[in-house]
Amino acid sequence: MKYTLSILAAAGLLVGACDKKQDSADAKASAQKAEAPVFKPEYASPDSFQVGLGKVYQGYLKIEGALAHDDFQGAKDAFQGMHAVLHMLPTEGMDTAASTNWDSLDTRFMRVLHPMAASETIAIMRDHLADFTPLMLEAIKKFGVQAAGPVYLFHCPMARNNQGADWLQGGRILENPFYGKSMLQCGSLVESVKI
């Protein structure tokens, strides 16, 4: 009985910590919650590249969604399809600056995604998602992406042992991929980008 009460008390503390951190993050994010204007990518990229990057983003969303629902196998399956598309992105038609920038970003993607492919547990895959997210957002902002709807950036202050981590979603209803069903609503909206 004491053991059960201890577990319940610890769970309450975790949720309370998320709520306190979320309150301060919510105050900061409230000014940013208004829809952002449609942005112009930093580099010109061909439509075929933006369509391909849109497929990578859709794969990212499937991974994120599977992790939010504690579906490790679904996340691994989504990862395999997304990873294959990333390797095949057509770069013909990019100018030198865009091509050089993509090559650098692609190298950083591979440094994160190869260990992600080898994830043996959902916890390891969740940790790699935290490294994958900023690269995905950078690619979207630098090159543009053809995808349906805006990109929403969320932050969980408790992820990675309270260091915090971000993730992307295609909708505004928060579903935390780092904790899944145990704390699905922990986090706050940081930014929205209309694409």
Side-chain angles (χ1 to χ4, degrees), residues 25 28-29 31-68 75 78-117 125-156 159-160 164-178 187-195:
K28 178 182 170 190
Q32 298 173 340
K33 282 191 179 182
E35 291 296 325
V38 176
F39 81 103
K40 183 177 184 209
E42 188 175 334
Y43 297 102
S45 57
D47 285 349
S48 58
F49 181 86
Q50 290 185 359
V51 167
L53 193 57
K55 290 177 182 176
V56 172
Y57 173 61
Q58 292 303 317
Y60 171 98
L61 292 179
K62 288 178 183 175
I63 296 166
E64 178 276 322
L67 293 176
F79 177 85
Q80 294 304 324
M82 182 272 312
H83 193 223
V85 171
L86 185 60
H87 277 298
M88 304 299 291
L89 284 178
T91 57
E92 299 82 21
M94 280 187 173
D95 65 24
T96 303
S99 182
T100 300
N101 217 287
W102 173 251
D103 288 344
S104 171
L105 185 55
D106 187 44
T107 299
R108 289 185 287 143
F109 265 125
M110 293 310 129
R111 274 191 222 126
V112 169
L113 296 182
H114 287 154
M116 191 174 188
M125 184 167 269
R126 284 173 165 152
D127 193 52
H128 289 302
L129 181 73
D131 296 324
F132 181 21
T133 298
L135 298 175
M136 189 75 249
L137 185 60
E138 181 180 345
I140 290 168
K141 287 184 171 183
K142 283 189 173 180
F143 299 98
V145 61
Q146 290 190 10
V151 175
Y152 295 100
L153 176 67
F154 288 89
H155 179 76
C156 173
R160 290 189 147 178
D166 296 334
W167 78 93
L168 305 175
Q169 287 186 194
R172 291 182 78 122
I173 298 173
L174 189 154
E175 292 188 338
N176 187 321
F178 300 114
S188 60
L189 177 62
V190 175
E191 179 184 5
S192 62
V193 179
K194 282 190 178 179
I195 53 176

**Report entry** Pair Met110-Leu86, side chain to side chain contact (heavy atoms under 4.5 Å, CB included): steps then yes or no
**Finding:** CA-CA 9 Å; Met110 293 310 129; Leu86 185 60; 3.4 Å; yes
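The CG atom of Leu174 lies 8.5 Å from the CG atom of Leu189; values are rounded to the nearest 0.5 Å. Here the straight-line distance linking atom CZ of Phe109 with atom CG of Leu89 works out to 8.5 Å at 0.5 Å rounding. For the atom pair CG of Leu168 and CD of Glu64, the computed distance is 8.0 Å after rounding to the nearest 0.5 Å. Atom CG of Leu129 sits about 11.5 Å away from atom CE of Met136, to the nearest 0.5 Å.
Within the structure, every pair that satisfies the side chain to side chain donor-acceptor pair (under 3.5 Å) test and touches residues 81-93, not counting sequence neighbours, is listed here: His83-His87. Residue pairs satisfying the salt bridge (charged side-chain N to carboxylate O under 4.0 Å, His left out) criterion with at least one member in residues 51-63, sequence neighbours excluded, are absent.
With sequence neighbours excluded, the residues satisfying side chain to side chain contact (heavy atoms under 4.5 Å, CB included) with Asp166 are Thr133, Leu153, His155.
Ring geometry for Phe143 against Tyr43 counts as parallel: the plane angle stays under 30°, on a 0 to 90° scale with 60° as the upper cut. Using a 30° and 60° split on the angle between ring planes, Phe154 and Trp167 fall in the parallel class, below 30°.
Minimum heavy-atom separation, Ala75 to Leu67: CB-CD2, 3.7 Å. Taking both residues in full, the closest heavy atoms of Pro134 and Asp131 are given as CD-O, 3.4 Å, listed atom of the first, atom of the second, then distance. Heavy atoms only, all atoms of each residue included: Lys142 and Pro41 are closest at O-CB, 3.6 Å. Across Cys156 and Phe178, no two heavy atoms sit closer than the pair CB-CD1, 4.2 Å. Closest heavy-atom contact between Ala44 and Ala98: O-CB, 3.8 Å.
The side-chain heavy atoms of Ile63 and Met116, taken from C-beta on, include a pair separated by under 4.5 Å. Within the 4.5 Å cutoff, no side-chain heavy atoms of Leu53 are placed close to those of Gln50.
Under a 3.5 Å cut-off, the side chain of Gln169 and the backbone N or O of Ile173 do form a donor-acceptor pair. Counting only distance, with no hydrogens or angles, the side chain of Arg126 and the backbone of Pro177 share a donor-acceptor pair below 3.5 Å. Remark: the backbone N or O of Val145 is not paired with any side-chain donor or acceptor of Tyr57 at under 3.5 angstrom.
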